[in-house]
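Have a look at the structure below, then the notes.
The structure presented is a predicted model; accordingly, all values stated were derived computationally and were not measured. Numbered from 1 within each chain, the chains take letters A, B, ... in sequence-line order.
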There are 2 protein chains.
Amino acid sequence: MFTLAEENYLKAIFHLEHESAGDVSTNAIAESMDTKPSSVTDMIQKLAEKKLLVYKRYKGAQLSDTGRKVAINVIRKHRLWEVFLVEKLNFHWDEVHEIAEQLEHIQSEELITRLDKFLGSPDFDPHGDPIPDKHGVLKRTEKKLLSEIEKNQKGVCVGVKESSAEFLQYLDKKKISIGTKIKVLGKEFFDGSMIIQIGNDQFFISNKIAENLYVQTQE
Amino acid sequence: MFTLAEENYLKAIFHLEHESAGDVSTNAIAESMDTKPSSVTDMIQKLAEKKLLVYKRYKGAQLSDTGRKVAINVIRKHRLWEVFLVEKLNFHWDEVHEIAEQLEHIQSEELITRLDKFLGSPDFDPHGDPIPDKHGVLKRTEKKLLSEIEKNQKGVCVGVKESSAEFLQYLDKKKISIGTKIKVLGKEFFDGSMIIQIGNDQFFISNKIAENLYVQTQE
DNA sequence: TTTTATTTTTAGACAAGACTAAAATAAATC
DNA sequence: GATTTATTTTAGTCTTGTCTAAAAATAAAA
């Protein structure tokens with residue numbers, strides 16, 4: 001249906017639309033896709049002709065409803081494959097992105113339907129990002145940074161803000177992953193550091209960590 | 001490492017080399033890949049420059065050792081994914097080819113190592129074709145056509161010769177699939193038809209069926 | 001051994017998707 | 001408001017992989 005390049009552009013534009021309001025600039029797309037602005041102009045003009053986005057010269061791009069649908073479907077596939085790689089093939093959550101970037105372009109509705117079922121229709125990927133359902137509907141999560149949680153409150157780890165390999169490896173060492181339940185036992189005012197409890201273990205974490213970890217607070 | 005087109009050419013040439021002896025002709029490749037001979041000439045010249053095959057003008061092509069290694073690796077991936085689709089996602093064996101054609105090009109050694117392990121290192125794909133191991137070694141099967149089996153001999157169904165959707169569906173209806181044990185109870189001389197036993201059921205099959213079903217006779 | 005037919009290759013063109021260099025537009029500064 | 005700076009677009013080129021049409025080599029037939 002759509003080429004690999006087209007799908008990647010739509011996906012990138014979708015993500016950029018959610019990072020800041022308004023139209024997405026040519027330069028922003030170029031930077032996020034590690035390509036040149038002139039190449040981006042070429043492509044968004046083609047995508048505009050195909051009605052996958054709305055484009056005005058010098059004014060940036062904005063996904064159309066159909067364009068958004070395509071983007072969300074690619075993201076759904078990406079995240080489902082990530083679950084597969086981590087849950088079934090025992091990859092670490094910091095190893096799966098590149099492979100999922102390839103798998104997300106496999107064309108077969110039936111495949112994704114069955115994969116979803118096989119995985120138990122997960123709502124979140126291994127990084128805690130929500131997986132859109134068949135109709136593109138995302139489970140809305142009220143996720144906060146761990147640093148925003150008050151003393152004695154609990155939360156479930158649902159993702160990370162900055163996903164550098166070093167940070168993910170730190171979390172791995174501390175046995176923190178998606179679904180890990182965290183309770184804030186104490187919070188230091190002057191530097192934002194915390195004492196937290198995971199299972200029966202209690203330990204200290206710095207503000208830098210707490211500001212990069214998303215948790216979902218229990219209603 | 002290699003492009004999608006390159007991998008497909010190498011795979012096609014590998015299969016053609018096993019269908020008949022000698023160099024593989026330009027026309028044969030073109031036909032098997034549903035493309036034009038001139039396109040094939042272009043590509044095999046490029047592949048020859050990359051030392052993936054040996055090519056002499058007007059004399060056809062022949063895979064080099066490295067070319068064969070690449071082809072076998074693609075076939076390994078294709079067949080492992082077919083096992084995954086049938087065993088884990090419950091696809092029918094006549095639905096998986098197209099999807100596996102896409103999945104076979106996913107680039108990640110680690111992925112295939114883990115997929116193989118996850119599937120229990122299968123020796124055969126759902127069509128009964130052998131799956132090359134990590135080093136490209138194929139389990140040698142002494143497979144015969146069912147029509148070649150003598151009365152009172154037994155065999156295990158390992159594959160089909162012509163895999164048209166109609167034929168595969170016929171087999172499905174008769175509950176014949178890979179691993180099915182078949183015993184020849186009687187053989188009619190003049191038309192080659194047979195009475196066979198599968199489990200506790202006995203039934204009649206025509207020569208046309210018997211000539212399209214591969215079985216492995218027990219040593 | 002010519003002639004004819006078939007196969008294969010070359011030459012030239014095209015689409016997708018990228019690039020560089022230069023021009024056009026918009027934003028920022030004086 | 002004029003000018004400098006940054007962003008975006010155009011024009012032209014390149015690579016990959018394909019095609020058509022025509023030429024060249026091989027194989028088959030007379």
Side-chain angles (χ1 to χ4, degrees), chain A residues 1-14 16-17 19-63 67 70-71 74 101-102 104-105 107, chain B residues 1-14 16-17 19-63 67 70-71 74 101-102 104-105 107:
Chain A
M1 199 64 186
F2 299 99
T3 68
L4 196 140
E6 285 171 343
E7 288 191 347
N8 281 335
Y9 271 94
L10 293 172
K11 185 183 54 159
I13 295 167
F14 179 87
L16 290 168
E17 281 186 342
E19 272 171 28
S20 53
D23 291 5
V24 178
S25 78
T26 303
N27 264 4
I29 299 169
E31 197 185 349
S32 91
M33 297 193 64
D34 199 31
T35 185
K36 301 289 166 185
S38 57
S39 309
V40 173
T41 302
D42 281 352
M43 182 55 101
I44 58 183
Q45 285 175 349
K46 283 175 200 164
L47 293 173
E49 265 183 45
K50 294 188 180 182
K51 310 274 185 210
L52 292 167
L53 48 79
V54 180
Y55 163 69
K56 283 222 178 92
R57 283 164 79 243
Y58 294 100
K59 294 291 176 190
Q62 195 181 339
L63 290 180
V70 174
V74 174
E101 288 282 292
Q102 299 179 60
E104 73 189 8
H105 301 292
Q107 307 277 13
Chain B
M1 199 61 187
F2 299 100
T3 68
L4 198 139
E6 285 171 342
E7 288 191 347
N8 282 336
Y9 270 93
L10 293 172
K11 187 183 53 157
I13 295 167
F14 179 87
L16 290 169
E17 281 185 343
E19 272 173 29
S20 53
D23 291 6
V24 178
S25 78
T26 303
N27 263 5
I29 299 169
E31 198 185 348
S32 91
M33 296 192 66
D34 199 30
T35 184
K36 301 289 166 185
S38 57
S39 308
V40 173
T41 301
D42 280 353
M43 183 54 101
I44 58 183
Q45 285 175 349
K46 283 176 201 163
L47 293 174
E49 264 182 45
K50 293 189 180 181
K51 308 275 184 207
L52 292 167
L53 49 78
V54 179
Y55 163 69
K56 283 223 178 92
R57 283 164 79 241
Y58 294 100
K59 294 292 174 189
Q62 196 181 339
L63 291 181
V70 174
V74 173
E101 287 283 292
Q102 300 178 62
E104 72 188 8
H105 300 291
Q107 307 277 14

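- Distances from the side chain of Met43(A) to the nucleotides dA18(C), dG17(D), dT8(D) place dA18(C) closest.
- Comparing Lys46(B) and Gly60(A) against DNA chain D, the residue whose closest nucleotide sits nearer the 5' end is Gly60(A).
- Contact of the Ile13(A) side chain with the Ile44(A) side chain is registered, since non-hydrogen atoms from C-beta on lie closer than 4.5 Å.
- Nucleic acid contact class of Thr26(A) (heavy atoms, under 4.0 Å, all strands): sugar-phosphate only.
- Rounded to a whole Å, the CG atom of Asp34(A) is 12 Å from the C1' atom of dA18(C).
- The interatomic distance linking Ile44(B) (CD1) with dT10(C) (P) rounds to 10 Å, in whole Å.
- DNA chain C is contacted by both Val40(B) and Met33(A); Val40(B) maps to the nucleotide lying nearer its 5′ end (nearest heavy atom per residue).
- Glu31(B) places its CD atom 15 Å from the P atom of dT6(C), with the value rounded to the nearest Å.
- Between Lys50(A) atom NZ and dA15(C) atom C1' there is a gap of 11 Å when expressed in whole angstrom units.
- Annotation: side chain of Leu52(B) is in contact with side chain of Phe2(B) (closest heavy-atom distance under 4.5 Å).
- Looking at residues 6-14 of chain A, you'll see that no heavy atom sits under 4.0 Å from any atom of DNA chain D.
- The line from OG1 of Thr26(B) to OH of Tyr55(B) is 6.0 Å long, rounded to the nearest 0.5 Å.
- For dA6(D), neither phosphate oxygen OP1 nor OP2 lies less than 4.0 angstrom from any side-chain nitrogen or oxygen of Asn27(A).
- In this entry the distance linking NZ of Lys36(B) with C1' of dA22(D) reads 15 Å, nearest Å.
- Within a 6.0 Å radius of CD in Gln107(B), more than 12 heavy atoms belonging to other residues, nucleotides or ligands are found.
- Residues Lys50(B) and Glu6(B) form a side-chain contact, since some pair of their non-hydrogen atoms from C-beta on lies under 4.5 Å apart.
- The distance from atom OG of Ser39(A) to atom CG of Asp34(A), rounded to the nearest 0.5 Å, is 11.0 Å.
- To the nearest angstrom, P of dT15(D) lies 13 Å from CD of Glu49(B).
- The CD atom of Gln45(A) sits 7 Å away from the P atom of dT9(D) (whole-angstrom rounding).
- When distances run from any side-chain atom of Asp42(A) to the nucleotides dC19(C), dC19(D), dT9(D), the shortest one goes to dC19(C).
- The separation between Lys59(A) atom NZ and dT9(D) atom C1' is 14 Å, rounded to whole Å.
- Residues Val70(B) and Phe14(B) have side chains not in contact (no heavy-atom distance under 4.5 Å, counting atoms from C-beta outward).
- Listed nucleotides: dT8(D), dT9(D), dT26(D). Nearest to the side chain of Tyr58(B): dT26(D).
- A sub-4.0 Å separation between OP1 or OP2 of dT18(D) and a side-chain N or O of Ser39(B) is absent.
- Of the candidate nucleotides dA18(C), dT10(D), dT9(C), dA18(C) has the atom lying nearest to any side-chain atom of Thr35(A).
- At a cut-off of 3.5 angstrom, counting only N and O atoms as typed in the model, there is a donor on one side and an acceptor on the other between the side-chain of Ser38(A) and the base of dT20(C).
- The side-chain heavy atoms of Glu17(A) and Leu63(A), taken from C-beta on, include a pair separated by under 4.5 Å.
- The side chain of Arg57(A) contributes an N or O atom lying less than 4.0 Å from OP1 or OP2 of dT10(D).
- The side chain of Tyr55(A) contributes an N or O atom lying less than 4.0 Å from OP1 or OP2 of dT9(D).
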